[in-house]
Amino acid sequence: MALLPILEFPDPRLRKVAVNVGQITDDTRQLAKDMLETMYNAPGIGLAASQVNVHQRLVVIDVSDDGDDPRVLINPTWEPSTEEIQSYQEGCLSVPEFYDDVARYSKIQLSALDENGEIIFEQAEGLFAVCIQHELDHLNGKLFVDYLSRLKRERIRKKLEKKHRDDEKDALYEAKAKAQAATQA
């Protein structure tokens, strides 16, 4: 298994709409395993393939307290099964260190395939329903920050762009220091 790099907002690749998985192959199952490892390592409770720059309709989720209930959802869809809306404080591995309330349906009907091609058709509620809606938004090129005011979204974008520039400067400084140390050895 391998840890995959997670794209961060405002990367334009996060806006790409994912396509259906045509056939579930060993590569599909390996991607799901790598995504689970990446999600647990991050740590998070959900990860869409779009977040790791694979634009296929595949998500992994584990909302259990112990991280022992991994779910692989291939070509997932959902429909509301209630009119009730609840606000949850959401965060995102692609928008690190930012959280805000997002209103979503409290109960949904999930349809998907698992990694073995078996049909999943189940009622989801609470955190599981929120996570499904959040991750499927990723597959459609939408992020939780899109539910926020334009001002909040722009503030987050600017802070993350600055963080990315600082990270690049730090990496460049480290590379120069290693090169200097190698020439002095």
Side-chain angles (χ1 to χ4, degrees), residues 1-22 25 27-63 67 70-78 87-104 112 115 127 129-176 178:
M1 294 201 293
L3 291 178
L4 305 170
I6 298 172
L7 300 177
E8 290 187 5
F9 178 71
D11 192 311
R13 295 172 291 180
L14 288 166
R15 299 303 185 174
K16 188 171 180 179
V17 176
V19 298
N20 275 343
V21 173
T25 64
D27 288 342
T28 310
R29 286 184 277 278
Q30 186 60 51
L31 174 61
K33 287 178 186 176
D34 292 345
M35 287 174 58
L36 282 164
E37 182 179 4
T38 302
M39 178 190 76
Y40 288 129
N41 184 69
I45 61 170
L47 185 67
S50 297
Q51 292 176 271
V52 294
N53 202 28
V54 177
H55 301 285
Q56 296 178 8
R57 297 192 69 80
L58 188 154
V59 302
V60 296
I61 295 174
D62 187 342
V63 296
R71 304 289 303 270
V72 175
L73 306 175
I74 299 170
N75 299 335
T77 61
W78 67 269
S87 277
Y88 280 87
Q89 180 137 115
E90 292 187 26
C92 181
L93 297 177
S94 290
V95 189
E97 300 175 23
F98 291 93
Y99 303 88
D100 213 315
D101 291 334
V102 176
R104 298 198 187 263
E115 65 270 30
L127 183 59
V130 168
C131 193
I132 291 167
Q133 292 169 78
H134 177 107
E135 298 308 329
L136 271 61
D137 272 354
H138 279 296
L139 299 180
N140 295 319
K142 190 170 186 174
L143 302 171
F144 94 93
V145 295
D146 297 336
Y147 293 93
L148 307 179
S149 71
R150 196 178 96 224
L151 178 64
K152 280 185 179 181
R153 189 171 46 254
E154 284 303 306
R155 200 175 287 152
I156 291 169
R157 182 184 61 77
K158 286 178 181 177
K159 286 181 180 180
L160 286 175
E161 284 175 339
K162 181 184 181 317
K163 176 188 173 286
H164 296 154
R165 283 191 306 271
D166 291 347
D167 289 349
E168 287 173 12
K169 286 178 188 174
D170 290 347
L172 184 60
Y173 177 78
E174 268 184 47
K176 284 181 181 178
K178 284 182 183 178

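To the nearest 0.5 angstrom, Asp166 atom CG is 10.5 Å from His164 atom NE2. Taking CD1 of Ile156 as the reference point, atom CG of Leu151 lies at 10.0 Å (rounded to 0.5 Å). Interatomic distance, CG of Asp62 versus CG of Leu47, reported as 12.5 Å (0.5 Å rounding). Separation of atoms CZ (Arg29) and CG (Asp27) is listed at 9.5 Å; rounding is to 0.5 Å. Here CD of Glu115 is found 6.5 Å from CD1 of Ile74. Values are rounded to the nearest 0.5 Å. Rounded to the nearest 0.5 angstrom, Ile132 CD1 and Leu127 CG are separated by 10.0 Å.
Residues Glu161 and Lys158 are not paired through a salt bridge, judged by the lack of any N-O separation under 4.0 Å between the basic side chain and the carboxylate. For Arg104 and Glu90, the salt-bridge test passes: some basic side-chain N is under 4.0 Å from an acidic carboxylate O. Using a 4.0 Å cut-off between charged nitrogen and carboxylate oxygen, Lys163 and Glu8 count as a salt-bridge pair.
Counting heavy atoms from C-beta on, the side chains of His138 and Cys92 come closer than 4.5 Å. Inter-residue side-chain proximity for Gln89 and Asp101 is flagged as met; some heavy-atom pair is nearer than 4.5 Å. Between Ser94 and Ile6 the shortest side-chain heavy-atom distance falls below 4.5 Å. Side chains of Phe98 and Val145 form no contact here, defined as non-hydrogen atoms less than 4.5 Å apart. Within the 4.5 Å cutoff, the side chain of Met35 has no heavy atoms near those of the Met39 side chain. Side-chain contact between Val63 and Val130 is absent, with no heavy atoms from C-beta onward closer than 4.5 Å.
Nearest heavy-atom pair across Ser50 and Leu14 is O-CD2, 4.1 Å. When all heavy atoms of Pro76 and Leu139 are compared, the pair lying nearest together is CG-CD1, 4.0 Å. Closest approach of Gly46 and Leu93 over heavy atoms only: O-CD1, 3.9 Å. Here the shortest heavy-atom pairing between Pro70 and Tyr40 reads CB-OH, 3.4 Å.
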Between Lys162 and Lys159, is a side-chain contact (heavy atoms from CB on, under 4.5 Å) present by the stated rule, with each step listed? CA-CA 5 Å; Lys162 181 184 181 317; Lys159 286 181 180 180; 5.8 Å; no
For residues 53-61, dump all side-chain donor-acceptor pairs below 3.5 Å to protein atoms at least two apart in sequence or in another chain.
{"unit_1": "Asn53", "atom_1": "OD1", "unit_2": "His55", "atom_2": "NE2", "d": "3.0"}
{"unit_1": "Arg57", "atom_1": "NH1", "unit_2": "Asn140", "atom_2": "OD1", "d": "3.2"}

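One N or O on the side chain of Asp34 and one on the backbone of Ala2 form a donor-acceptor pair closer than 3.5 Å. Between the side chain of Gln133 and the backbone N or O of Ala129, at least one donor-acceptor pair lies under 3.5 Å. Put simply, the side chain of Asp137 never gets that close to the backbone of Lys142: no donor and acceptor are under 3.5 Å apart. Using modelled atom types, one side-chain atom of Asp146 and one backbone atom of Leu143 make a donor-acceptor pair closer than 3.5 Å.
Remark: Arg153 fails to qualify as a cation-pi partner of Phe9 under the 6.0 Å distance and 45° angle criteria applied to the six-membered ring.
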